[in-house]
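Chain A is the first sequence line, chain B the second, and so forth, proteins listed ahead of strands; every chain is numbered from 1. As the structure is a computational prediction, the values presented were derived from the model and not from experiment.
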Number of protein chains: 2
Amino acid sequence: MLDKIIAKITSEYTTLSNEIIEEWKSDILMLELEKGTQLVREGSYTNKLFYIYKGSAKAYHLKNGKAIADWFSFEHEFICAITGYFLGHPSEHYIELTEDSILLEFNRKHINILSNKYHDFERFTRNAITKIMLQLQKRVVYLQFSTAKERYDFLLQEYPKIELHISLGDIASYIGITQETLSRIRAQK
Amino acid sequence: MLDKIIAKITSEYTTLSNEIIEEWKSDILMLELEKGTQLVREGSYTNKLFYIYKGSAKAYHLKNGKAIADWFSFEHEFICAITGYFLGHPSEHYIELTEDSILLEFNRKHINILSNKYHDFERFTRNAITKIMLQLQKRVVYLQFSTAKERYDFLLQEYPKIELHISLGDIASYIGITQETLSRIRAQK
DNA sequence: CATATCCTTTGATATAGATCAAATTCGACT
DNA sequence: AGTCGAATTTGATCTATATCAAAGGATATG
């Protein structure tokens, strides 16, 4: 199964030789965990990167005691505590499973070793980061100047089935509006 | 002078051998252009990446006829039409110099060739993209749920001298508020 | 140096969406 | 199926910020 998942990952980004894949596999953990499991706690040092094979996860932070969703990750997507992973700072985010999930856990150190050792692996990481960067760019555009409804419509375009996986409150905070407002928008459809 | 600039760029991201630098230089244009010059027009295909050596630039798009700033770039920073450059789509952005500037112009094709040929260059591009990704991540956080004043304060923290280079209207649109609101916030200081 | 244009400030008003509060529905567990 | 707690909806109000409008200031141009 791990081989199948890795094949899927590499097919999306770049090809990797068997040698690289074997070395990579040696440090991958495959986890099967329940909805609600916290993968990362705010304030903790974390060097882990996750790949959701089945299920979904969210990253969020607290502002005035309220959870604000920062990042959702569904099947075949990565998720990590961005500032923790890339900058080595204590994590500003919690990461929590929003459904029962099967996921892979990678480790920054090993990823960096592989990136330094193999050009192809470096390309793979570049491609993965580029994808994340482009997603963020899109979010900035619609957070900057758009109404609550425009934001919601945009999100549905990106993730048509998000409502099956993520609660209304989390969706609302992700697009920067309150849950009451989102509820009213839904009611009008 | 070009050598000096390249030394500066590489010092920020990764070391590159002389061989690589020479090959890279063969396709770099150095430009000295006036404030107001348009580097990229919306709708155009563009495969150019710019590095501001002196001066500053902005990327923006039009919404309901109004310009909305998407990205500022100051000395020693990169700028490009993100979707145009990374996805090969027609550009969604204009890029325009906000001051008289000296800049370098790179070309996606050549950058990709170098990235494929040299592992070190690939690492260099990965680092550059990672930096852009982290900047976007920060912007998302403060655009998501913060008051006009918080956004402005955050921007000043990131770019303390931005007011010397960028007009009030552009700054306002960048942080997702109107210029009148920004003017009033300033008046209260 | 006069005029035109752009940029910023100030004022008055309107409104989208927040906040507070309560009712209703949903889902999980016994 | 029945109960409890969580999630969602609905309602009433409030407020930050948008919008509209006009007046100053600053900067560039002939």
For [X] and [N], give me the distance from atom [atom1] to atom [atom2], rounded to whole Å.
X: A:Leu168; N: D:dA7; atom1: CG; atom2: C1'; value: 8 Å
X: B:Tyr152; N: D:dT17; atom1: OH; atom2: P; value: 15 Å
X: A:Arg186; N: C:dT24; atom1: CZ; atom2: C1'; value: 16 Å
X: B:Arg151; N: D:dT17; atom1: CZ; atom2: P; value: 8 Å
X: A:Glu163; N: D:dA7; atom1: CD; atom2: P; value: 16 Å
X: A:Leu164; N: D:dT8; atom1: CG; atom2: P; value: 13 Å
X: B:Glu150; N: D:dT17; atom1: CD; atom2: C1'; value: 14 Å

Within a 6.0 Å radius of atom NZ on A:Lys138, are there more than 12 heavy atoms belonging to other residues, nucleotides or ligands?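 No, not enclosed.
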Give a yes or no on whether B:Lys63 atom NZ has more than 12 heavy-atom contacts from other residues, nucleotides or ligands under 6.0 Å away.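 Result for NZ/B:Lys63: enclosed.
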- Item | Angle between terminal axes - the helix from C:dC1-D:dG30 to C:dT30-D:dA1, 5 pairs each end, rounded to 10° |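 It works out to 50° between the end axes.
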(request) Name the nucleic acid region contacted by B:Ser183, choosing base, sugar-phosphate or nothing; use a 4.0 angstrom heavy-atom cut-off, strictly under. (result)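 Base, at least one base atom sits under 4.0 Å.
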- [ ] Return yes if some donor-acceptor pair links the side-chain N/O of A:Asp70 with the main-chain N/O of A:His61 below 3.5 Å, else return no.
- [x]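 Looks like yes, one N/O pair under 3.5 Å.
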Counting N and O atoms only, with roles assigned by atom type, does the side chain of B:Glu150 sit under 3.5 Å from a partner on the main chain of B:Thr147, one being a donor and the other an acceptor?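 Side chain of B:Glu150 to backbone of B:Thr147: a pair is present.
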Q) Would you say the side chains of B:Glu42 and B:His93 form a donor-acceptor pair under 3.5 Å? A)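 Looking only at side-chain atoms, B:His93 and B:Glu42 do not form any donor-acceptor pair under 3.5 Å.
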*In terms of side-chain heavy atoms of A:Ala187, which of D:dT10, C:dT9, C:dT10 is nearest?*
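In terms of side-chain proximity for A:Ala187, the closest of D:dT10, C:dT9, C:dT10 is D:dT10.
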NZ/NE/NH1/NH2 to OD/OE distance under 4.0 Å, B:Glu12 and B:Lys131
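A salt bridge links B:Glu12 with B:Lys131.
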- Is the shortest distance from a Lys or Arg side-chain nitrogen in B:Glu122 or B:Lys117 to a carboxylate oxygen in the other one below 4.0 Å?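 Here B:Glu122 does not pair with B:Lys117 in a salt bridge, since their nearest N and O are not under 4.0 Å apart.
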(request) Scan A:Leu164, A:Ile162, A:Leu168 and name whichever one has a side-chain contact (heavy atoms from CB on, under 4.5 Å) with A:Ile166. (result)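 Passing option: A:Ile162.
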Self-check item: Residue list, side chain to side chain donor-acceptor pair (under 3.5 Å) with A:His76, at least two apart or on another chain
Solution: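 With neighbours one apart ignored, the set is A:Tyr51.
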Per-nt protein contacts along nucleotides 15-23 of chain C (heavy atom under 4.0 Å; B base, S backbone sugar-phosphate only, - none) come out as --SSBB---
